[in-house]
**Student:** 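Take this structure first; my questions come after.
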Amino acid sequence: MKKTLLFILAIGFNVSLSAQKNKQVVVSVNTPGASIQSDMWGIFFEDINFAADGGLYAELVKNRSFEFDAPLMGWKETSLNSGKGRYLVYNSESGNNPQYINIVSDVPEGKYGLLNEGFRGMGVKSGNKYNFSILARNNEKSPASIYIELRSAEGKVIGQTQITGIEGEWKKYTASFECTATDLKANLAILIQGKANIDLDMISLFPNDTWKNRPNGMRSDLVQLLADMKPGFIRFPGGCIVEGKVLENRYQWKTTVSGLTDRKTIINRWNTEFSHRSTPDYFQSFGLGFFEYFQLAEDIGAAPLPIINCGMACQYNSSELVPLKLIDPYVQDALDLIEFANAPVNSKWGALRAEMGHPAPFNLKMIGVGNEQWGPQYFERYQIFVKAIKEKYPDIKIISGAGPSPDNDMFHFAWGELRKLNAELVDEHYYRNPEWFLKNANRYDNYDRKGPKVFAGEYASHVKGTANNWEAALSEAAFMTGLERNADVVVLASYAPLFAHVDAWQWKPDLIWFNNLISYGSPSYYVQKMFATNNGEFVIPALSENKPLAGQDSLYISASISKTTSSIILKIANVSSKATSLDFSLEGAKAIQKNATLQLMEAVDLTKENSLESPKNLAPSEKTIAIAGKKFTFDALPRSFSVLRIQYK
Ligand code: AHR
């Protein structure tokens, strides 16, 4: 008898002891708090790291129109059958594409011309179709033709075609061919056959399998990675690229639309930004321009969010400003952009949108004025933009900058000004180490609920000496639970930068890495995807000892519900090297389904990364798990990020 009692006591003692050890988390299912915007988790595209030309934009020919500062960059002479000749670059000094090349081929039986090296080579695939096009003019009466040869890195011919009957006036010629071998660094020869004198421009080669098979299209694998994230919005085109190092090379959307020959190639500001990563061949052809950005947004179901120059060049570089009395064209550009995106086809810019193939509006709802601007000069200019935009388009939401830092004097000055001006959305940027991200998981808990809302427009956790490892991604996941918990303050968020070419990057970490053929998402990519594809509609409290979990015992938790899918969504980051058992109590739920879905990323080794060779070394797994009921225990694995979806009534 005594023995049995002792045994029962002992069991009871063990249970309560283990219950005490577990962290108790009370989730109040019937207390919906802030509503979470359906487009809260977005992406930020900037033409940095070869993100546009050489990346997303599927054009394979670099400097196709001879408009780089060094007009022959990317090209060199080539010949076949003892061909000989000469070339000259002419500048017609008119329009946005003034330069072209003249090639004279001297040997009747030979072939003479130029070889294009592509963007660190051309990535081509066996069995794929390639579409070649060129503008050409024959300067002589005798017939002229061009032979086109795709060569592997070793010089083997892996595709060819030709164009005959070049006429005496400028004309576009096209030809397609199939590629017979896969090569990461192929190149393209354009050869004049026999004796001839020809002018050439806009020499272009695209794979046929672009996203949606569009001509002038984008790389399908890269767009697919974006589409898979189901981003709520896409911020574009930058970043500092909007500002330009000087105003002269700021991003001007009007020179990026219309026909390709109307678009004005300029140097990319990241070309010379970092001496340790200098990229002399980095230019912007704007083949991927504002029309294509809007179209991309529509394709992947993301709200477009363009950022426009506010009359200020990069304050880190030149600090060049447009005087207030000369600011009108900048403001007009913003107004015209809204017209381009939204106005009927009988308006000037709506007509251009229709002519480019999209008569329906792009449904633009927000616009950013300036990027990382600071100081009183910004606010003088910002107010002029706000007044003009709101007068004409009162429903467009305006995003304002708060400088490059999340906590220095200029940041606080900016917030002071923006509060006075009743700003709608303030763009905060933080590139900080993992410790900062963990410490700041409660950053927004005490933000003013009545003030301007926050757009976490650029952030990434930077681990010294490396790019995108699990330590960075896990700290971002922890931090993002704080963003979600404060969805009444932080209404939009996007990681930065988005893309990086493994051979031509200037800035890391980045969300997605690629070479000329393949691509992969970093661990941070999967964290972003887990948030965006598991977005709830309302925040609900998830409290331990009456407090949100924002770092206690290395735990970070946010909870939300989706009424549409009747699910409770728990996001749990455990940054400790030890597993932790959590006793959840789902209060207020009438009934729950005992099969829950668990998406999990975990690795004890914080240095774990993905790579081209091992693209899913660290990626979420998904499985169904059984939970006991409204009260259940969940084991948060060491260094893990879990998303648990539970169906409820
Ligand atoms: O994302 C890279 C750069 O970081 C952006 O261009 C700029 O806004 C920030 O400083």
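Counting starts at 1 for both ligands and their atoms, following the listed order. All of these numbers come straight from a predicted model, not from anything done at the bench.
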**Student:** Around Glu248, counting heavy atoms of other residues, nucleotides and ligands shown, do more than 12 lie under 6.0 Å from its CD?
**Tutor:** no
**Student:** Within less than 4.0 angstrom of ligand 1, does Tyr495 place any heavy atom?
**Tutor:** no
**Student:** May I ask whether Tyr316 has any heavy atom positioned less than 4.0 angstrom from an atom of ligand 1?
**Tutor:** no
**Student:** Would you kindly specify which portion of Asn371 sits under 4.0 Å from ligand 1, judged on non-hydrogen atoms: side chain, backbone, both or neither?
**Tutor:** side chain
**Student:** Using side chain to side chain contact (heavy atoms under 4.5 Å, CB included) as the criterion, list what pairs up with Asn440, not counting sequence neighbours.
**Tutor:** Trp436, Arg443, Phe479
**Student:** Pick whichever of Trp507, Tyr431, Trp270 has a heavy atom sitting closest to atom 1 (O) of ligand 1.
**Tutor:** Tyr431
**Student:** Take every heavy atom of Gly238, measure it against each atom of ligand 1, and state whether any distance is under 4.0 Å.
**Tutor:** no
**Student:** Starting from atom 6 (O) of ligand 1, what is the nearest protein heavy atom, named by residue and atom, and what distance separates them?
**Tutor:** Glu46 OE1, 2.5 Å
**Student:** With sequence neighbours left out, write down each residue that passes side chain to side chain donor-acceptor pair (under 3.5 Å) with Arg381, or none if nothing qualifies.
**Tutor:** none
**Student:** Determine, considering heavy atoms only, which of Glu458, His429, Glu243 sits nearest to atom 7 (C) of ligand 1.
**Tutor:** Glu458
**Student:** Against heavy atoms of Glu372, which atoms of ligand 1 measure under 4.0 Å?
**Tutor:** 7 (C), 8 (O), 9 (C), 10 (O)
**Student:** Hey, which of Trp270, Tyr251, Tyr282 is the one that makes side chain to side chain donor-acceptor pair (under 3.5 Å) with Asp47?
**Tutor:** Tyr282
**Student:** List ligand 1 atoms under 4.0 Å from Gly239, heavy atoms only on the residue side.
**Tutor:** 5 (C), 6 (O), 8 (O)
**Student:** Do Asp299 and Gln295 meet the criterion of a side-chain donor-acceptor pair at a distance under 3.5 Å?
**Tutor:** no
**Student:** Is the closest N or O pair between Cys240 and ligand 1 shorter than 3.5 Å?
**Tutor:** yes
**Student:** Mark yes when over 12 heavy atoms from residues, nucleotides or ligands other than Lys254 sit less than 6.0 Å from its NZ; otherwise mark no.
**Tutor:** yes
**Student:** Between Asp336 and Gln332, do the side chains contain an N or O donor and an N or O acceptor separated by less than 3.5 Å?
**Tutor:** yes
